[in-house]
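Below is one structure, written out as structure tokens; the observations come after it.
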Amino acid sequence: MMNVYAARLQDWQRQGLERPHRPVQSPQGPTLSVDDRAYLAFCSNDYLGLANDPRVCAAAQKGLEQYGIGAGASALVCGYSAAQAELEAWIAHWLDLERVLLFSSGYLAHLGVIPVLVDGESAVFSDALNHASLIDGVRLARPAQLTIYPHGDWEFLEEALRRCPREQRWILTDGVFSMDGDVAPLRELERLAEQYGAWVLVDDAHGLGVLGPQGKGSLAACGVSSERVLHMATFGKAVGTAGAFVGGAAPLIDWLAQRARTHMFSTALPPLVQAATRVALECVALEEFRRTHLARLGERLDAGLQALGLKGLPSCTAIHPLILGENRRVMAVSDRLREEGLWVAAIRPPSVPEGTARLRISLSAAHSVAHIDQLLEGLEKVMGVEA
Ligand SMILES: *Cc1c(COP(=O)(O)O)cnc(C)c1O
């Protein structure tokens, strides 16, 4: 019995697909300590440098004193804390949403929400590069029709909508795509929703905090505010904490609270996390200098990559992919970088399509200009390495 899995694992390893766990001994920040060695890291999603912010940590400590550690139950039993209510109200006000519902993680949000929105009679239209959590939410929902449209191709999508006989239609998309760092054509999707009576769920895990006025995300950046667009984002990235929210029209969100199974049957987040998230979001909204600095770092990185003759995908977000193609080559380059004390995530299938393995360079407002230059020097040194 065990042999089956041992053989599969071996095969996985032979293909160069194995990913090790590397126990980090330090808080998140520009340098991470692993095996008692410090690495300059470009792989975290802590885009604004808030994951170890003293004010956010102090809020968590205060939350610990008030609430203790555990939420005790799911939200509909007795795990719904005042901290959760305050956070939901704060986000609703900030983003001008009628109602907001929190989930313990973005993954759980999608697994819970999509099967409530989408039933066996519905049609779903999903961008080819959508995050795994959207894909798995659709698997649970089992819609009558599933159309996976080419990445960002709203003309293809429009044709598919025109031909769709189903009444209930949902378009699912990342706001900012996690492995490419580009932004969905949200204005066009909003128009299609209005024109074809569809609904849109936007997963803004990588847009919140980074894009738009006050870091309100890709929807605000694109000026999208239709009632037909449901706003989802996570706190584990730029906000630096944990959890996620879904926001939109009150009856819809109230229905989700009654029916989403990951809300009903999973213990609520520790209230101290929600207390910390409130303070972190205030930093996100008020501290524009973090976004200005992040943008400056991105420009320097893109210019530096170009000077080295390396083609990064153009990006106005914190995610700067450098596509190298072959799995083994990406592994060789990232291993050599690690020897140089640089930690950059090597992303391979199934996270990205075959043949597009890449370094996913992610920047943080906690990085300095000197850190970017150090990365560029490291890349210059190791790019010649053979796979
Ligand atoms: C990280 C991520 C999620 C999942 O959010 P978690 O809170 O980490 O579970 C969902 N969507 C996208 C695009 C993500 O990058």
Side-chain angles (χ1 to χ4, degrees), residues 19 24 28 43-48 50-51 84 87-88 91 100-115 117 124 126-141 148 151-152 170-184 186 189 200-211 215 217-219 221 229-247 260-263 266-270 273-274 276-277 280-281 284 313 315 317-321 345 347 350-353 358 360-364:
R19 308 163 199 215
V24 174
Q28 290 296 315
C43 41
S44 156
N45 301 317
D46 178 24
Y47 302 134
L48 297 181
L50 290 170
Q84 177 158 351
L87 179 55
E88 286 173 352
I91 295 168
V100 159
L101 181 67
L102 295 187
F103 286 83
S104 300
S105 78
Y107 213 116
L108 288 175
H110 286 147
L111 293 191
V113 164
I114 297 172
L117 302 175
V124 167
S126 181
D127 188 289
L129 294 189
N130 274 349
H131 188 260
S133 55
L134 285 168
I135 295 169
D136 292 353
V138 174
R139 284 182 181 157
L140 278 178
I148 296 167
H151 178 50
W170 274 93
I171 301 166
L172 310 183
T173 185
D174 285 17
V176 172
F177 289 86
S178 50
M179 296 302 145
D180 285 51
D182 58 335
V183 182
L186 296 174
L189 298 187
V200 190
L201 172 60
V202 178
D203 170 0
D204 209 23
H206 300 277
L208 186 74
V210 174
L211 297 178
S218 59
L219 290 163
V229 179
L230 202 61
H231 193 154
M232 178 275 183
T234 67
F235 307 131
K237 314 265 157 77
V239 184
T241 60
F245 75 85
V246 178
R261 291 170 67 81
T262 54
H263 182 66
S266 185
T267 302
L269 271 185
V273 176
Q274 295 157 348
T277 299
L281 281 170
V284 166
L313 294 180
S315 167
T317 67
I319 304 162
H320 295 258
I347 307 287
S351 303
V352 292
R358 64 196 67 186
R360 178 184 183 271
I361 303 170
S362 59
L363 301 181
S364 166

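We count ligands from 1, going down the list as the structure has it; atoms in each ligand are counted the same way. Just so you know, these numbers come straight off a predicted model, no measurement behind them.
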**Message:** List ligand 1 atoms under 4.0 Å from Gly106, heavy atoms only on the residue side.
**Reply:** 4 (C), 5 (O), 6 (P), 7 (O), 9 (O)

**Asked** What are the atoms of ligand 1, with element, lying closer than 4.0 Å to any heavy atom of Ser133?
**Response** 10 (C), 11 (N)

**Fill in**
closest protein heavy atom to atom 3 (C) of ligand 1 is His131 CE1, 3.4 Å

**Complete:** When rounded to the nearest 0.5 Å, the distance separating CD1 of Ile347 from SG of Cys43 is 9.0 Å

**Item:** Per-atom contacts, ligand 1 versus Ala205 - under 4.0 Å to a heavy atom
**Value:** 2 (C), 11 (N), 12 (C), 13 (C), 14 (C), 15 (O)

**Message:** With nothing but distance in play, are any N or O atoms of His110 less than 3.5 Å from an N or O of ligand 1?
**Reply:** no

**Item:** For Glu88 against Leu102, the heavy-atom pair lying closest together
**Value:** OE2-N, 3.1 Å

**Prompt:** How long is the span from the CG atom in Asn45 to the CD1 atom in Ile319, to the nearest 0.5 Å?
**Reply:** 7.0 Å

**Message:** I need the atoms of ligand 1 closer than 4.0 Å to a non-hydrogen atom of Ser105, numbered in the order shown.
**Reply:** 7 (O), 9 (O)

**Prompt:** Going by distance only, is there an N or O of His206 that falls short of 3.5 Å from an N or O of ligand 1?
**Reply:** yes

**Asked** Numbering the atoms of ligand 1 from 1, which are under 4.0 Å from a heavy atom of Tyr107?
**Response** 4 (C), 5 (O), 6 (P), 9 (O)

**Message:** Show the atoms of ligand 1 that are less than 4.0 angstrom away from any heavy atom in Asp203.
**Reply:** 10 (C), 11 (N), 12 (C), 13 (C)

**Prompt:** So is there a nitrogen or oxygen of Lys237 less than 3.5 Å from a nitrogen or oxygen in ligand 1?
**Reply:** yes

**Ring center gap for His110 and Phe103 short of 6.0 angstrom** = no

